[in-house]
Each structure stands twice: as C-alpha cells, then as structure tokens.
Amino acid sequence: MAEPILQTFNITKDFGKLRAVNQVNLDVKKGDIHAIIGPNGAGKSTFFNLITGYHKVTEGKVFYKGSEITPLPAYQRCQRGITRSFQITSIYPKLTVYESVLMGLLAHRRKTLTFFPSAKKFFKEEVWKILEDVGLANQANVLGESISHGDKKRLELAITLGTEPEILLLDEPTCGMSPEETESTMIFIRRLVNEKGLTILFTEHDMSVVFGIARRISVLHQGTLIADGTPEQVRNSEEVQRVYLGGVA
Ligand code: ADP
Ligand code: MG
C-alpha cells in the first residue's frame, strides 16, 4: 500500500494570466481511494487534465509507476492504465448500453481484435461482466439517452472500465445523482478498489461522500494544495476549515 502509483512534482498550469494549478506536489498510493476537494474553480478538473495528458503542464513533472509520463499524449497514458471520466457525462446517446461498453472495449483493444479471431466472443463475455459489475445488465438493450442520470454516470464508469485502468480518475462521479444512486455508486467504487486492486483518484463536492469513502484527501484552493492527509487530519486542519469546509465536515 505504501508505494506511490502516481506522483506529481510542482505541476503548474497557466491559462494566459490565470494560474489554474500552482506547483502541486502529490503522491497517490497504489490501491488508495484518494479525494481531491476544493471549491468551484479550485483547479481540480485541470489537475486531472494534467495527469491524463488532456492538457500540457506549464511546469513540473508527472510520474506513473516510477516513470516520467509528462511528455506522453493522453492516449498513451490511457494505454498504460490511466483512465478518467469527465465531470460532464459523455456517453453515446444513440447506442445501447451494451453497444457503448463494447465500443469502449474495441477502441481500447483494436490490435487484439485483428490478431485474435475469437476476440469478439471474448469481448461479449467481458461486456456482460462489466455490465453486471456496474449493475446495468438489465438495461443492456436500452439506448444511452433513455437511461436515468445516475445510470448514465454508471455507464460512463462501465465504458472507462473497458480500458483496463489501473488508476481511475473520477471527476465528480456522483454529480446530479440521488442520495440512493450516490450510495450505490460509492459502494461500487469501494468494491472496485477491493476486488480489482484499482486506485481511485476522485473529485467530489458532496462532503458526506468524500468523508464517507476517501482514505486520503488533498485540498486545492486557488490552484494550490493547502492540505493533504487522512480525512481526520484534513477535517482538523485550521486552514481547510477557514477557506473551505466552514464547519460542514
Ligand atoms: P474545478 O474543477 O476545481 O472547479 P477547474 O480546473 O475547472 O476547477 O478550473 C480552474 C480555473 O481554471 C478556473 O478559474 C477556470 O475558469 C479555469 N480554466 C479551466 N479550464 C480552462 C481552459 N481550458 N481555459 C481557460 N481557463 C480555464
Ligand atoms: Mg471541475
């Protein structure tokens, strides 16, 4: 549990004159459930974009499993096992739930399909397994646009699982969900960590979710990391209380 799977060294992102992420040093440990919190505009999504390679860093370095990945494009980081979901749900509205997950698998493993004739059958089993894992098997034939908001987020998670992640970055995974949907998603995320040995890095605005599931919490404020530790340490940090939690945690 002690070894870091992901490390950032002084990563910084400027958008023109705005510094969205400021000199952030962060270690994410393998198998951890690690939350990044902070008010709107704190730089959480941008920080994720720097890790996944969606944005280039202005300064600093990113290491994954001991190797520097800062120069790598997003798709190469994804091939190595770094996968993200977006804050705004991005699913295929006109495909069925089953087809959406299959698309994700095929896109990730194009090569396997070419060289391995029985791959389609293999994928079929795998799609069903993922659908069962995320609790969408009973909606396999429903169009993406017709399922509930919570199920869309779950579908997005299912599509990302098809890329065989080792670390999953979830940007507000329960955004817009009902309390019941939030709870079942959180239980599912915990199961992924326990059963598949995944590492989860997530952002979330609902503090009850964060303190209910995270084992480690890092707090961003105006792009700067102001606290990093166990939920207990973060809850008791005076600076966090002052700038952010304001007594809600
Ligand atoms: P959070 O996810 O914590 O709400 P963001 O990372 O989305 O914060 O945004 C951090 C800051 O960077 C905000 O001030 C936002 O307006 C700005 N920002 C984010 N993305 C871009 C972009 N592509 N171009 C310019 N400014 C951006
Ligand atoms: Mg965001």
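Quick note: residue numbers are just sequence positions, from 1. Read the numbers this way: they start at 1 and go in the same order the structure lists the ligands and their atoms.
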Checklist entry - Backbone, side chain, both or neither: what part of L18 comes under 4.0 angstrom of ligand 1, heavy atoms only? => result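 Only the side chain of L18 comes within reach of ligand 1.
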Polar side chain donor-acceptor pair, [X] to [Y], under 3.5 angstrom:
| X | Y | result |
| --- | --- | --- |
| S67 | R80 | no |
| D171 | T203 | yes |
| T224 | N22 | yes |

Checklist entry - Which pairs pass salt bridge (Lys or Arg N to Asp or Glu O under 4.0 Å) with one or both residues in residues 4-20, sequence neighbours excluded? => result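 Sorted result for residues 4-20: D14-R19.
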Next on the checklist: Can you tell me how the ring of F15 sits relative to the ring of H55, calling it parallel under 30°, perpendicular over 60° and tilted otherwise?
Outcome noted: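 Geometry flag for H55 against F15: perpendicular rings.
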Checklist entry - Strictly under 2.8 Å, is any N, O or S atom of T203 next to the Mg ion (ligand 2)? => result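 Given the 2.8 Å cut-off, T203 does not count as a ligand of the Mg ion (ligand 2).
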Item to check | Nitrogen or oxygen of G43 less than 3.5 angstrom from that of ligand 1 | outcome: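 There is such a contact, yes.
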Checklist entry - A42 to ligand 1: N or O pair under 3.5 Å? => result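 It does: an N or O of A42 is found under 3.5 Å from an N or O of ligand 1.
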Next on the checklist: Only heavy atoms of A20, strictly under 4.0 Å: list the atoms of ligand 1 that pass.
Outcome noted: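 Those of ligand 1 that fall under 4.0 Å from A20 are 11 (C), 12 (O).
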Checklist entry - With a cut-off of 4.0 Å, which atoms of ligand 1 are near a heavy atom of N40? => result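 Listed by number with element: 4 (O).
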